[in-house]
Structure formats: C-alpha cells, structure tokens
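What's counted below: heavy atoms across the whole structure, side chains too, no hydrogens, waters or symmetry copies. Not measured: the values here are computed from a predicted model. As the structure lists them, so they are numbered: ligands from 1, and atoms in each ligand from 1.
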Amino acid sequence: MAGSYSLAFLLFCFVFSPVFAQPQPTSFILNGFNRSESKLTLEGGSIIRPSGALKLTNKSHDTIGHAFYSEPIQMLDKKSSPSPNASSFSTTFVFAIVPPSSGRGGHGLAFTLSPSKQFPGAAAGHYMGIFNSNTDALPSNHIFAVEFDTVNGFNDDSDSEGNHVGVNINSMYSKAMEPASYYLNNTERNEEIKLESGDPIHAWIEYDGSFVNVTISPLNRDKPSKPLISYPIGLTPFVEETMYVGFSASTGKMPSSHFILGWSFSTNGEASQLNISQLPVPPPNEKNGSSFDPLIIGLIVALSTVTVLLLGILIYFTLYKRNGKSEDLEDWELECPHRFRYKDLYAATRGFKQSEIIGVGGFGAVYKGVLPTTGTEVAVKKINRNSIQGPREFAAEIESLGRLRHKNLVNLQGWCKQKNDLLLIYDYIPNGSLHSLLFNQKQGFVLSWEQRFNIIKGIAAGLLYLHEEWELVVIHRDVKSSNVLIDAEMNARLGDFGLARLYDHGTDSHTTNIVGTVGYIAPEFARNGKASTSSDVFAYGVLLLEVVSGKKPVDSRNFFLVDWVIECHQMGQILDTTDPKLNSSYVIEEVKLVLLLGLLCSHPKPEVRPSMRKVVRYLNGDDQLPSIDNWDSFGARDGTYSKFLEIISFDSITKSYRSSSTGGITSNSICTGR
Ligand SMILES: *[C@@H]1O[C@H](CO)[C@@H](O)[C@H](O)[C@H]1NC(C)=O
Ligand SMILES: *[C@@H]1O[C@H](CO)[C@@H](O)[C@H](O)[C@H]1NC(C)=O
Ligand SMILES: *[C@@H]1O[C@H](CO)[C@@H](O)[C@H](O)[C@H]1NC(C)=O
Ligand SMILES: *[C@@H]1O[C@H](CO)[C@@H](O)[C@H](O)[C@H]1NC(C)=O
Ligand SMILES: *[C@@H]1O[C@H](CO)[C@@H](O)[C@H](O)[C@H]1NC(C)=O
Ligand SMILES: *[C@@H]1O[C@H](CO)[C@@H](O)[C@H](O)[C@H]1NC(C)=O
C-alpha cells in the first residue's frame with residue numbers, strides 16, 4: 001500500500017513539477033566526495049576513495065572512467081525564448097594525475113559537457129573515453145570537452161610526451177591547445193606545469209557566451225589573472241537543452257591514476273571557490289592509497305624486493321651470456337618512450353649502407369633514413385659506445401633532451417642501443433649545415449645577407465630557449481657552424497646536443513672535461529673546464545663573425561678571426577671583414593650590428609658578454625648595443641686571444657679530453673672541428 005502511495009506521489013511530481021519549475025541555475029560545490037551520498041554517477045574504473053578523492057581510472061591499461069553529476073544541467077532555456085543562447089557556466093576543480101611508479105603514464109582526463117552520461121563504444125587512450133574512431137568529429141555528438149592530456153597524438157600523430165591542455169568540440173582534435181602552463185601575473189611569462197607530476201593542480205573553466213577561458217595553476221597559488229587559453233566561441237550550436245557535466249579519463253599503454261579532489265560548478269554565475277583545506281590529499285603514489293595494513297605492505301615489499309633481485313640476477317646472466325644476436329633490452333630501457341627499435345633503424349638506413357651517409361662527425365657517421373613505419377625522413381647518428389660510459393645515465397639524459405622542442409632546434413626524436421653502438425635519431429634537415437653552405441658552396445650558391453641575418457637570429461632564439469626558456473638550463477657546449485643545420489625555409493636549426501649536459505636552474509655547473517671545438521672555446525672554459533651559458537655566448541659570438549666574414553674562426557696557426565675583426569674595427573674598416581661573396585649587397589647597419597655584437601659576445605671576460613636574452617633584444621633592435629671604447633680590454637693589441645690559444649695548444653686540450661672519466665658523451669670533435 002505504502003508503495004503504491006509513494007509511486008502516485010512520484011508520478012504527481014513528475015507530471016506537475018515542470019509546470020512550476022523556474023529555469024533554476026544549477027550550482028554545486030563538492031569539497032571532496034562522499035561515498036555514501038554520492039551526487040555522482042560513476043562508470044568504468046571510477047571509484048570514490050575512503051579519503052574522499054574521486055579516482056577516475058584504475059591501474060589497467062587502455063581503460064576508461066567516467067564520473068558525471070547525476071542531475072542534468074539546463075543549458076538552453078527553450079521556454080523563455082524559441083532560440084535561446086547557451087547558458088554561461090563556470091567551474092573550478094582540483095585534479096592530480098599520478099603516473100605509475102615505473103615512470104611515464106597516460107593518458108589524461110577531460111572536463112566534459114555531454115547530452116548523455118553514457119558513452120557507448122568510447123575508446124581509451126587518445127579518445128579519453130569520450131569518442132571512438134567512428135564517432136570522433138560527428139556534429140551529432142554535441143560534446144564539449146576540455147582535455148588535460150599527457151600524451152601527444154591527436155594533433156600530431158605521434159605518441160610522444162605531450163603535456164597539454166586543449167578545448168575540444170565534438171572531436172578529440174583540439175580547437176585550441178596550449179602546453180600546460182600558467183601565466184605569472186602581469187607578465188607574459190608562463191611557467192610549465194607537469195600535469196603528470198602527481199601534484200594537485202587547480203583548474204578553472206569559464207564560458208561567458210563568447211569565450212571559453214581555461215586557466216590552471218599549482219594548487220598552492222592564487223588564480224592567475226591571465227587564462228592559459230581564451231578561445232572565442234559561442235557554444236549555442238553545440239549544446240542540447242539539457243546536458244550532463246562531469247569528467248572522463250582514460251589510460252593508454254601505461255596507466256596513470258586520475259584523481260579529482262574537489263569540484264565546484266555553476267551556470268549563470270561564478271562557481272563558488274573550493275575550500276582547499278577540506279580537500280582530500282591525493283595519494284603520493286599508489287602504495288599509500290591501498291587499504292592493506294602496514295605489516296602486509298611490509299611483507300609485500302620485502303617479497304617483491306627479493307623477487308626483483310632474483311630477476312635482476314637472472315636478467316644479468318642471461319644478457320651477458322648471450323652474444324647479442326637479437327636486440328638486448330635491459331629492463332630500464334623498456335621504460336624509455338624515446339627508444340627506437342634497431343630493426344626499424346636498420347631498415348630505415350638500408351642496413352646502414354655507405355651510400356646513405358650524409359655526414360661524418362667526431363662521433364661517427366650520420367645516415368639519412370626513412371622510417372618504415374611512418375615514412376618519416378630522419379637523420380641517424382651512429383656513435384660507438386666504447387666512447388660512452390654509463391649508457392643508463394646517457395639514456396636518462398637523452399630521454400630528457402628528447403623533450404626539448406623549439407623551431408630553431410634539430411629535434412631529437414629518440415635513441416636506440418645495439419651492442420656497442422648508440423644511435424641517435426634526429427629530424428632530417430634538408431639543406432645541410434651552415435658550415436657547408438658558407439664554405440663548400442655548390443654551383444655558386446651564396447647565402448644572401450638577408451638569409452644570413454635570419455639564420456643568426458634563429459640560432460639566437462634556439463640558444464635562448466636552451467639557456468632560459470626550458471625547465472632546465474641546457475648548455476650546448478659545442479656551438480659552431482657545422483652544428484647549425486639549415487631547413488627547407490632557410491631557417492637555422494641548432495643541432496647536436498650530444499655534448500650538452502643538463503644543469504638544474506640555479507645550481508652551479510660542476511667541473512667537467514673540456515669538450516668543444518678549437519676557435520669557439522671561451523678562454524675561461526679552456527682554463528677551468530667549466531662550461532656555462534656564457535661560454536656558449538662566446539662561441540655564438542665567434543659564429544657571428546664567421547657568418548659575416550665567411551672566414552673560419554681559426555684558419556691556420558696564425559689567423560684568428562676575432563683578433564682580425566678587432567684590428568679592422570680599430571682601423572675604422574670593420575666593413576672590410578664582410579664576406580667578399582656578398583658583393584657588398586647587405587644592410588650596413590645590420591652588418592655592423594652583427595659584427596660588433598660578435599665581438600661583444602666573444603669578449604675574453606665572461607662578465608662582459610651579454611646573455612642570450614640580451615642578444616636577442618640587440619638583434620631585434622629593442623636595445624641599443626653598448627658602445628665598446630676600450631678595445632685594449634679585449635687584449636687584441638697584445639694578441640691575448642691568439643696567445644691563449646697557443647698556450648692551450650691543441651695537444652693539451654686533446655689530452656685533457658682523453659683523460660676525462662665522467663659520463664655523458666665525450667666527443668673528439670676537437671680534432672675534426674673544421
Ligand atoms: C557522508 O554521507 C553520510 C550519509 O549522509 C554521512 O553520514 C557522512 O557523515 C558523510 N561523510 C562525510 C565525510 O562527510
Ligand atoms: C578497471 O576498470 C575496468 C572498467 O573500465 C574493468 O574492466 C577492469 O577490470 C578494472 N581493472 C581493475 C584492475 O580493477
Ligand atoms: C543571444 O546572444 C546574442 C549575442 O550575445 C544576443 O544578441 C541575443 O539577444 C541573445 N538571445 C537571447 C535569447 O538571449
Ligand atoms: C576570458 O578571457 C578574456 C581575455 O582573454 C576576457 O576578456 C574575458 O572576460 C574572460 N571571460 C571570462 C568568462 O573570464
Ligand atoms: C593574480 O591576479 C588576480 C586578479 O588580479 C588575483 O586575484 C590573484 O591573487 C593574483 N595571483 C597571484 C599569484 O598573485
Ligand atoms: C574551510 O574549511 C575549514 C575547515 O573545515 C573551515 O574552518 C574554514 O572556515 C573554511 N573556509 C571557508 C572559506 O569556507
């Protein structure tokens with residue numbers, strides 16, 4: 001009886017409530033989630049942890065999780081107008097993406113606005129549990145999503161690391177996309193945020209009828225005033241009358257755990273601020289989140305340690321007993337996303353055929369190749385591993401260098417180890433090196449001044465990125481014309497990071513052996529073996545003089561380009577140093593600027609040299625080059641530079657390099673610099 005009564009009551013509500021219902025704005029705030037009275041509909045791998053954290057994906061690979069607010073949200077108010085506009089909305093949430101303990105994971109999570117809480121047939125990985133290859137891009141999807149993704153793939157078809165935020169409509173191809181970062185207030189500088197760090201990240205998404213703004217910041221900071229993405233769009237054509245709002249996440253080959261720690265949402269107004277102190281803390285890693293008691297955890301850890309040790313010993317013996325006919329993989333190698341298969345490289349270079357060699361450097365030969373899987377052209381550098389110590393450290397270095405991306409760098413795509421060889425895979429750059437364009441012209445080809453000036457600016461931009469704009473300071477260590485490649489659009493691409501060692505911002509570079517190329521080595525670097533950003537600036541300065549004059553930095557034991565340019569300048573004839581092949585067709589002001597800047601950069605005193613940021617400003621005419629009156633301080637008169645080169649004769653450099661014992665690549669490019 002009671003049952004039918006309540007049924008009748010429900011029916012009553014169902015039939016009559018719409019008549020009385022005003023289009024109420026929806027708004028809710030969840031400072032953490034409650035398992036027993038969840039306001040969310042969970043699907044796939046999603047669960048609410050006892051701590052109050054919403055965990056969207058479990059530890060399986062290629063899996064999906066959804067969590068949507070159970071009630072629908074009114075996005076179009078059809079009653080008030082026949083052609084209503086999509087309602088504005090604002091949301092803020094805190095999420096954390098915890099990678100697997102083995103290293104990198106995938107994929108990411110997306111704030112999603114969808115006509116349904118179900119996504120039948122949706123795929124994991126790049127599709128993030130929202131679309132699949134058939135439904136992607138269908139206008140009938142009516143789905144709006146903001147993705148927080150850690151893997152590239154949709155917009156550039158690779159599977160490389162891609163720490164990005166994107167605004168998506170009906171498709172995983174983002175309409176707008178930015179590397180995950182946030183702007184510091186009142187500056188144009190943005191700081192990278194690693195989505196996959198496991199640290200909680202605060203996100204805001206706002207739609208005001210004409211813009212979708214997306215902002216992220218580390219949890220402990222205030223909201224940045226400038227959004228990361230401000231994408232102009234009206235959502236009216238894309239939404240339906242009622243929509244569901246929530247999160248979708250997916251794992252890829254490697255599973256990350258995706259957590260939402262708190263969530264606030266509102267239509268027609270700003271979402272209430274989350275109370276950070278009430279949010280659950282994300283587990284620092286999966287172990288802490290487990291519900292086993294510490295004794296059992298201890299036992300498991302002990303047992304696994306023993307197993308790992310035994311396995312390690314087993315692997316060690318198997319690997320070292322075998323002759324290495326097939327690809328020998330050490331376990332750590334499997335975790336490196338930039339590793340290529342030897343088989344593919346062998347096929348790409350037609351078995352490392354002599355005819356595919358496009359260059360020979362200090363390390364060994366460089367082959368041109370076409371990857372069989374993708375048809376991409378690559379340059380493969382084959383380095384004999386005997387000259388390298390600690391392949392594992394090397395791999396770690398390469399893995400992080402592989403993440404450097406700039407239009408003026410030759411991108412390192414990856415690496416591969418085979419017996420005694422290490423192979424580095426770079427983008428293939430068609431026009432060869434700056435050195436060969438300056439000195440071995442084919443059929444009377446001469447780089448014009450305009451091209452040279454553009455190349456000079458490109459190198460500066462690439463170096464600035466290495467020095468100041470990436471998360472770590474990267475010192476190139478071997479800036480020279482043969483390490484600058486020229487692409488199809490005649491832009492400079494700085495290559496060969498083999499010599500670059502990584503330094504954390506702020507820490508002092510430790511002393512290492514001298515590796516560099518005679519003529520480009522800064523005096524203090526030769527003396528104390530400490531490479532620094534200003535020793536790179538020195539080499540850049542020499543390179544500038546080389547590009548203008550078409551002369552090699554050290555052409556014989558008696559010719560030193562820097563000294564010669566200083567002498568000409570002191571005699572008031574600096575334009576005499578320009579390359580005769582230019583035939584006097586150049587912009588005098590630009591040539592003078594570059595020559596004087598070259599001298600300033602190659603000043604013997606490191607403290608006098610400008611930073612690369614300053615160099616870029618000088619080249620763009622944003623700052624005036626300081627005038628250098630006291631040329632004696634260069635030591636040109638008494639030939640300090642040449643003297644210094646004599647003192648650290650070729651022999652002693654080579655010796656100090658040979659006796660080196662630190663890891664990383666040591667190169668003998670000293671002997672083959674020119
Ligand atoms: C979760 O909801 C239940 C049932 O309403 C309530 O008793 C409990 O106190 C809530 N837990 C928290 C942590 O708020
Ligand atoms: C993870 O979630 C999926 C559902 O999406 C389920 O099929 C799978 O069994 C789960 N794996 C584990 C380890 O719980
Ligand atoms: C929809 O938005 C447009 C442009 O902002 C405005 O001119 C129009 O009046 C709006 N329509 C309704 C029904 O609010
Ligand atoms: C979005 O950002 C733009 C600036 O890029 C700003 O003019 C606009 O007011 C912002 N809208 C919201 C809803 O924050
Ligand atoms: C940035 O500016 C906004 C708005 O002016 C302010 O609310 C916020 O506290 C500032 N953030 C920081 C980190 O100073
Ligand atoms: C946040 O939560 C704490 C602890 O529950 C409470 O003391 C504090 O007043 C709350 N702050 C706000 C702004 O609501």
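Put simply, atom 14 (O) of ligand 6 has protein non-hydrogen atoms near it, under 4.0 Å away. Distance screen at 4.0 Å: atom 9 (O) of ligand 6 has no protein heavy-atom neighbour inside the cut-off.
With respect to atom 12 (C) of ligand 2, the closest heavy atom belonging to the protein is N58 ND2, 3.3 Å. Ranking protein heavy atoms by distance to atom 5 (O) of ligand 6, first place goes to Q278 NE2, 3.0 Å. With respect to atom 2 (O) of ligand 4, the closest heavy atom belonging to the protein is N213 ND2, 2.4 Å. Here the protein heavy atom with the shortest distance to atom 3 (C) of ligand 4 is S230 OG, 3.5 Å. Closest to atom 11 (N) of ligand 6, if we only count protein heavy atoms, is N275 ND2, 2.7 Å. Protein heavy atom in closest approach to atom 7 (O) of ligand 4: F211 CE1, 5.0 Å.
Numbered from 1 in the order shown, with element, the atoms of ligand 2 that lie under 4.0 Å from a heavy atom of S60 read 1 (C), 10 (C), 11 (N), 12 (C), 13 (C). Residue S277 approaches ligand 6 through these ligand atoms, each under 4.0 Å from one of its heavy atoms: 1 (C), 2 (O), 3 (C). Counting the atoms of ligand 4 from 1 in the order shown, those under 4.0 Å from a heavy atom of E206 are 13 (C), 14 (O). Taking a cut-off of under 4.0 Å to the non-hydrogen atoms of I64, the atoms of ligand 2 that pass are 5 (O).
Annotation: the span from K55 atom NZ to I47 atom CD1 amounts to 5.5 Å, rounded to 0.5 Å. In this structure, N411 CG and H406 NE2 are separated by 10.5 Å, a value rounded to the nearest 0.5 Å.
The only member of I73, L113, V212 that meets side-chain contact (heavy atoms from CB on, under 4.5 Å) when paired with F89 is L113. Each of F93, F259, F68, F265 was compared with F247 under the ring pair (Phe, Tyr, Trp, His ring centres under 6.0 Å) criterion, and only F93 meets it.
For the residue pair T57 and H258, a side-chain donor N or O sits within less than 3.5 Å of a side-chain acceptor on the partner. Side-chain contact of T150 with N163: a donor-acceptor pair under 3.5 Å is absent, judged by distance alone. When only modelled atom types and interatomic distance are considered, N213 and S230 share a side-chain donor-acceptor pair under 3.5 Å.
F28 and Y69 have parallel rings, their planes meeting at less than 30° on a 0 to 90° scale where 60° marks the start of perpendicular.
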Practice task
Decide yes or no on side chain to side chain donor-acceptor pair (under 3.5 Å) for T92 and H202, but give the supporting numbers first.
Solution key: CA-CA 7 Å; T92 174; H202 209 155; 3.2 Å; yes

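Using a 4.0 Å cut-off between heavy atoms, T57 makes no contact with ligand 2 at all.
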